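To find a chain, count down the sequence lines: A is the first, B the second, and so on, and within it residues start at 1. In this text, all values refer to a predicted model and were calculated from it rather than measured experimentally. What you see below is based on every heavy atom in this structure, not just the backbone, and it leaves out hydrogens, waters and symmetry mates.
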Protein chains: 2
Amino acid sequence: MSETIEQKCLAKGVKLTDQRRIIAQVMSESSDHPNVDELYNRVSKIDSKISIATVYRTVKLFEETGILTKHEFKGGKARYEELNEGHHDHLIDVKTGEIIEFVDDEIEKLQKKVAEKYGYKLVDHKLELYGVKKKQNET
Amino acid sequence: MSETIEQKCLAKGVKLTDQRRIIAQVMSESSDHPNVDELYNRVSKIDSKISIATVYRTVKLFEETGILTKHEFKGGKARYEELNEGHHDHLIDVKTGEIIEFVDDEIEKLQKKVAEKYGYKLVDHKLELYGVKKKQNET
DNA sequence: GTAGATGCAAAGTATTTGCGACAAG
DNA sequence: CTTGTCGCAAATACTTTGCATCTAC
């Protein structure tokens, strides 16, 4: 665990309010990828007076500041995740919605190569795999 | 060019109305990836009485039927594209919004391998590269 | 002839914003 | 103090839907 969200806010000059501290705390403790509603529910349990508008404003702010990343998985609401040094992509179970994080350096390298082939510098990418759990005997 | 959209509709038992024919035609002639608004505008030029609700209903139907695919690129509206045999991914110019289609078999293979590593059968995936055009002297 | 498609307007979602009150630095 | 944040409700953007009418097959 490198820096806490609070430390990142201080470092980037983001004013720390109670609401932001709570949202930061909830996101840090979430190992899943909550959408705004889920986040709002969790946050409400700590302080029931926080409004959903503040949650929206805060995740947006945190995203712009590089504290959170936003994922827009297929056909669902936007989901958020704390951004740490280690980049990873996602494998999503289409039946259960379970999300598995993975890293594959080779794919990363190839992506860069593809971009370069077309004369581009890769600045970002999105890779999502959608799968169903295999049974033992399946190919 | 394999089958026309009309042929696909017949093959799948989708009733062919004038509106659907026009939407099919416009999509076939579009080499970009129009969103519903853009599609609606193009379609309106041919028949100004088609309602946007029909456009929404039709792209959804065509998507379910495997005639179109939907893309949800970063922070934008849903975009549609005709689905042909050749699968490809997208490289998006973050400055201009230009979209380049590419295929990389090696990446495809690796994706499958990753899914398998976690005990999943890959049923779908999304790969988007976001880049900026390089100048000659850049690395 | 009948099931399904259309147009319209109204209703849903998800998200953003104007504004007066309030709090952080 | 002053600038930025908050809560609230209203507004917006995109998409879906109920219903009466119409049309493909």
Side-chain angles (χ1 to χ4, degrees), chain A residues 5-26 33-65 67-80 97, chain B residues 5-27 33-65 67-80:
Chain A
I5 294 184
E6 291 204 17
Q7 289 171 325
K8 286 184 195 169
C9 286
L10 287 175
K12 312 229 182 187
V14 168
K15 202 181 265 187
L16 265 169
T17 62
D18 287 351
Q19 292 87 334
R20 289 184 184 168
R21 244 186 287 263
I22 292 172
I23 292 168
Q25 181 200 329
V26 171
H33 303 65
N35 61 37
V36 172
D37 262 336
E38 291 163 350
L39 178 55
Y40 173 61
N41 287 335
R42 293 177 201 178
V43 152
S44 296
K45 282 185 195 145
I46 301 176
D47 177 350
S48 63
K49 280 202 289 305
I50 293 183
S51 89
I52 193 151
T54 298
V55 177
Y56 271 106
R57 279 192 272 239
T58 305
V59 291
K60 197 175 194 184
L61 172 71
F62 282 0
E63 195 202 349
E64 286 161 358
T65 319
I67 292 172
L68 300 178
T69 18
K70 182 183 191 175
H71 301 295
E72 289 169 289
F73 299 133
K74 287 203 164 208
K77 321 183 182 176
R79 297 186 163 278
Y80 289 86
Chain B
I5 293 184
E6 290 204 17
Q7 290 172 324
K8 287 184 193 167
C9 285
L10 287 174
K12 313 231 184 186
V14 168
K15 201 182 266 186
L16 265 169
T17 63
D18 288 352
Q19 292 85 335
R20 289 184 185 167
R21 244 186 286 264
I22 293 172
I23 292 168
Q25 181 201 327
V26 170
M27 280 307 300
H33 304 65
N35 61 37
V36 172
D37 263 336
E38 291 163 350
L39 179 55
Y40 174 60
N41 287 334
R42 293 176 200 180
V43 152
S44 295
K45 283 184 195 146
I46 301 176
D47 178 350
S48 64
K49 279 202 288 305
I50 293 182
S51 89
I52 194 152
T54 298
V55 177
Y56 272 107
R57 279 193 273 239
T58 303
V59 292
K60 198 177 195 184
L61 173 71
F62 282 0
E63 195 200 350
E64 285 161 359
T65 318
I67 293 172
L68 300 179
T69 18
K70 182 183 191 175
H71 300 296
E72 288 169 289
F73 300 133
K74 288 205 164 204
K77 321 183 181 174
R79 298 186 163 277
Y80 289 87

Item checked: From A:Ile46 atom CD1 to A:Ile22 atom CD1, the distance as rounded to the nearest 0.5 Å -> 6.0 Å

Item checked: Under the ring pair (Phe, Tyr, Trp, His ring centres under 6.0 Å) test, residues paired with B:Tyr56 that sit two or more places apart -> none

Margin query: Using a 4.0 Å cut-off to any heavy atom of chain A, which nucleotides of DNA chain C are the first and last in contact, reading 5' to 3'?
Written below: C:dA14 to C:dG25

Identify all pairs in which a protein N or O lies below 3.5 Å from an N or O of nucleotides 23-25 of chain D, and state each distance.
residue	atom	partner	partner atom	Å
D:dA24	O3'	B:Leu16	O	3.3
D:dC25	OP1	B:Leu16	N	3.4

Checklist line | Inter-end axis angle, the helix from C:dG1-D:dC25 to C:dG25-D:dC1, with every axis fitted to five base pairs (rounded, 10 degrees) | finding: 50°

Check: Taking for each residue the nucleotide of DNA chain D bearing the nearest heavy atom, is the 5' side occupied by B:Ala53 or by A:Thr54?
Finding: A:Thr54

Next item on the list: Calculate, to the nearest 0.5 Å, the distance between atoms CZ and CD1 belonging to A:Phe62 and A:Ile67 respectively.
Entry: 5.0 Å

Margin query: I'd like to know if the side chain of A:Ser48 and the backbone of A:Ser44 have a donor-acceptor N/O pair within less than 3.5 Å.
Written below: no

Next item on the list: Pick base, sugar-phosphate or nothing for B:Arg57, based on heavy-atom distances below 4.0 Å to the nucleic acid.
Entry: base

Notebook entry, point to check: With no hydrogens and no angle check, is any side-chain donor or acceptor of A:Thr54 less than 3.5 Å from a backbone partner on A:Ile50?
Noted result: no

Checklist line | Spacing of CE belonging to B:Met27 relative to CG belonging to B:Leu68, to within rounding of 0.5 Å | finding: 5.0 Å

Using the 3.5 Å cut-off, write out each protein N or O paired with an N or O of nucleotides 13-15 of chain D and the distance between them.
residue	atom	partner	partner atom	Å
D:dC14	OP1	B:Lys77	NZ	3.0
D:dT15	OP2	B:Tyr56	OH	2.6
D:dT15	O5'	B:Tyr56	OH	3.4

Margin query: I need the A:Leu16 CG to A:Gln7 CD distance, nearest 0.5 Å.
Written below: 10.5 Å

Next item on the list: Any pair with a residue in residues 12-24 of chain B that passes salt bridge (charged side-chain N to carboxylate O under 4.0 Å, His left out), sequence neighbours left out, goes on the list, sorted by first then second residue, please.
Entry: B:Glu6-B:Arg21

Notebook entry, point to check: In whole angstrom, what separates A:Gln19's CD from D:dG4's C1'?
Noted result: 12 Å

Margin query: Per the salt bridge (charged side-chain N to carboxylate O under 4.0 Å, His left out) rule, what does the pair list look like for residues 42-51 of chain A, sequence neighbours excluded?
Written below: A:Asp32-A:Arg42

Check: Can you list every pair that meets salt bridge (charged side-chain N to carboxylate O under 4.0 Å, His left out) and has a residue in residues 67-79 of chain B, with sequence neighbours left out?
Finding: A:Asp124-B:Lys74, B:Asp37-B:Lys77, B:Glu38-B:Arg79

Item checked: Partners meeting side chain to side chain contact (heavy atoms under 4.5 Å, CB included) with A:Lys60 (sequence neighbours left out) -> A:Glu64

Item checked: Euclidean distance, A:Ile23 CD1 relative to A:Tyr80 OH, rounded to 0.5 Å -> 11.5 Å

Note to self: Quick one: does any side-chain atom of A:Ser51 pair with a main-chain N or O of A:Ala53 as donor and acceptor, under 3.5 Å?
What the structure shows: yes

